[in-house]
Amino acid sequence: MRIGTSMSTKRLDEVCVNEYKIPLIVMMENAILSAIKHLDMDLYDKYIVVSGVGNNGGDGLGIARQLKARGKDVKVFVVGSMEKITPCSKTNLDILKAMNISCRTLDIKGENINILEELKTSIKNSDVLVDCIFGTGLEREVKGVFKDIINIINTNKNLVYSIDVPSGINATTGEILGVCIKADKTISFEFYKRGFLKYETKEYIGDVVVEHVGIPEHIIKKYDDNEYITSIDFVKGNIKSKNKFSFKNNFGKVTIFAGSKGFSGAAFIASEAAIKSGSGLVTLVCDEDIQDIISSKVSEGMTANYKEENRINKLIETSSAIGFGCGMGDNKLTLERLEYVLNKSNCPMIIDADGLNVLKNNINILKKCENRIIITPHLGEMSRLTGKSISYIKENRLDVAKEFAKENNIIVLLKGYETIITDGNILYINPTGNSAMANGGMGDCLLGMITSFIGQGLEIFNAVVCAAYIHGYIGDILSKKLYTVNATQIINEIPSIMNEFDIEINL
Ligand SMILES: NC(=O)C1=CN([C@@H]2O[C@H](COP(=O)(O)OP(=O)(O)OC[C@H]3O[C@@H](n4cnc5c(N)ncnc54)[C@H](OP(=O)(O)O)[C@@H]3O)[C@@H](O)[C@H]2O)[C@@H](O)CC1
Ligand SMILES: [K+]
């Protein structure tokens, strides 16, 4: 699913109208017809449409007409200055008038008390209110009669369905411009609006569906912002299929540097996740004093310790991907080891946990490894790496991750609710995962999965996107029956879920 801003909508409209000669009223009618599919007409009969005078309002007026044409009881309220009504909205208003559908008009300068009372009563007597006051055109504070109406709708509400965006939200930034409709459902057009990704907007947007307005795919592709929400089809299309002619060398050889005294669990989880994600060969490099414990647990993988220099050099040279950092300790030795592996390797390298902690103030060591480094920080680690506060990163997580990836020529996977994956140009938001997974070991598991997928030869960026998706997808399935989901439980389910996806792509 594409992510877009107010600008993306405006640009697309202009391109369609000017270059491709698609009249706006045609796109508006498409928007109307795609929106009414989501108005639950099989459940409800009485609707109120509240429209502004921009094109979002025009959508509403057309929706009112289509509802009426389907035998529904519809009341229409139009708010705004009639001198400003857009041509498409005017056309739809004229059709309503010609059809004798009554529209109550609230002028911004006039005395509206009676009509506001009428609105309250109508809300009480209806099933669904369709909110079309403002769409992507809203950029400034909502005041006056607009504010009054939104407050009335929020306090007298039954079901509210917002068209394109809940009125009152800045579609690009997610800022609430004074007051905003609290929607039960938002039926948005072409793009999942970037503003909806701001955590604070969740209480306003309700369930979001994204519908098309009939713009040809190649036009959208040309003008989109390279920002997406990962879909299950993307993942199924990218994981590596096993067939009867495959053998272990086809599935990569990966090395994981992880663990230290007291942190053998991290090393175990990362290695086991790589094994279960389908790697052909997995070797764990760890301290000698934990090697035996881990060897006994990771029966399908190999282990090496730091004293075996020649062996380690060979592993680094021949690996198709290297994972580094889980449970290694935030110390000088880890930094030296990181530099050593970075210098000797040529393959993609995924750095997490203590590998990231030692990068603080040393980010320059990544500079000579262009295009093959993936970092997987959580907010705290990202804050240490960038020097920016956690609250700032939270507020601006898309842009912070994008800028940091671009500056350092790396892929950043920024963990959290709706994990972000970006190389500074393309950005994916991961929609899977949940709070039952917020416990130790999850990051180690993800590192193992990413290392494995890259090692198997998936395109690097896509491998990171797929690993994040499958990791959360399994967590979502398990959390339906478990209060907490831990990394070992995720690992155990990886082969069956991968198989499910693989079977579907081979059908
Ligand atoms: N390709 C697509 O996806 C398609 C999208 N379509 C639809 O078009 C919508 C975008 O339409 P839009 O550009 O006309 O803007 P919209 O949101 O109606 O708002 C503008 C109006 O609000 C007013 N206004 C603004 N701020 C205000 C304030 N604080 N307080 C008071 N008034 C304020 C502003 O007045 P002004 O700023 O001029 O004073 C103007 O009158 C989009 O969301 C989608 O629903 C489809 O129909 C076609 C294909
Ligand atoms: K709206």
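Everything numeric in this text was worked out from a predicted model, so none of it was measured. Along the sequence shown, the residues carry numbers beginning at 1. Side-chain atoms are counted along with the backbone in the values below, which use heavy atoms only and exclude waters and symmetry mates. Both ligands and their constituent atoms are indexed starting at 1 by order of listing.
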Check: Does a side-chain N-to-carboxylate-O contact under 4.0 Å join E395 and K198?
Finding: yes

Notebook entry, point to check: In Å and rounded to the nearest 0.5 Å, what is the CG to OH distance from L39 to Y47?
Noted result: 5.5 Å

Next item on the list: Flag the pair K90 and D94 as a salt bridge only when some basic side-chain nitrogen lies within less than 4.0 angstrom of an acidic carboxylate oxygen.
Entry: yes

Contact table, ligand 1 N/O with protein N/O, distance under 3.5 Å:
from	atom 1	to	atom 2	distance (Å)
ligand 1	1 (N)	D13	OD1	2.6
ligand 1	14 (O)	N55	N	2.9
ligand 1	15 (O)	G137	N	3.4
ligand 1	17 (O)	G135	N	2.5
ligand 1	17 (O)	T136	N	3.4
ligand 1	17 (O)	G137	N	2.9
ligand 1	18 (O)	N55	N	3.2
ligand 1	18 (O)	N56	N	3.0
ligand 1	29 (N)	R140	O	3.0
ligand 1	29 (N)	E141	O	2.9
ligand 1	37 (O)	R140	NH1	2.9
ligand 1	39 (O)	K84	NZ	2.3
ligand 1	39 (O)	R140	NH2	3.2
ligand 1	43 (O)	T136	N	2.9
ligand 1	43 (O)	T136	OG1	3.3
ligand 1	43 (O)	D164	OD2	2.6
ligand 1	45 (O)	N56	ND2	2.8
ligand 1	45 (O)	D59	OD2	2.6
ligand 1	47 (O)	D59	OD1	2.6

Item checked: Side chain to side chain, H471 and T419, heavy atoms closer than 4.5 Å -> no

Notebook entry, point to check: Tell me, do I420 and L413 make a side-chain contact under 4.5 Å, heavy atoms counted?
Noted result: no

Checklist line | Carboxylate-amine/guanidinium contact K193 D164, below 4.0 Å | finding: yes

Notebook entry, point to check: Which atoms of the protein, restricted to N, O or S, are nearer than 3.4 Å to the K ion (ligand 2)?
Noted result: N56 OD1, D131 O, F134 O, I163 O, V165 O, S167 OG

Notebook entry, point to check: NZ of K68: more than 12 outside heavy atoms within 6.0 angstrom?
Noted result: yes

Checklist line | SB check R11 E14 (cutoff 4.0 Å) | finding: no

Margin query: For K10, I'd like to know if atom NZ has over 12 heavy atoms of other residues, nucleotides or ligands within 6.0 Å.
Written below: no

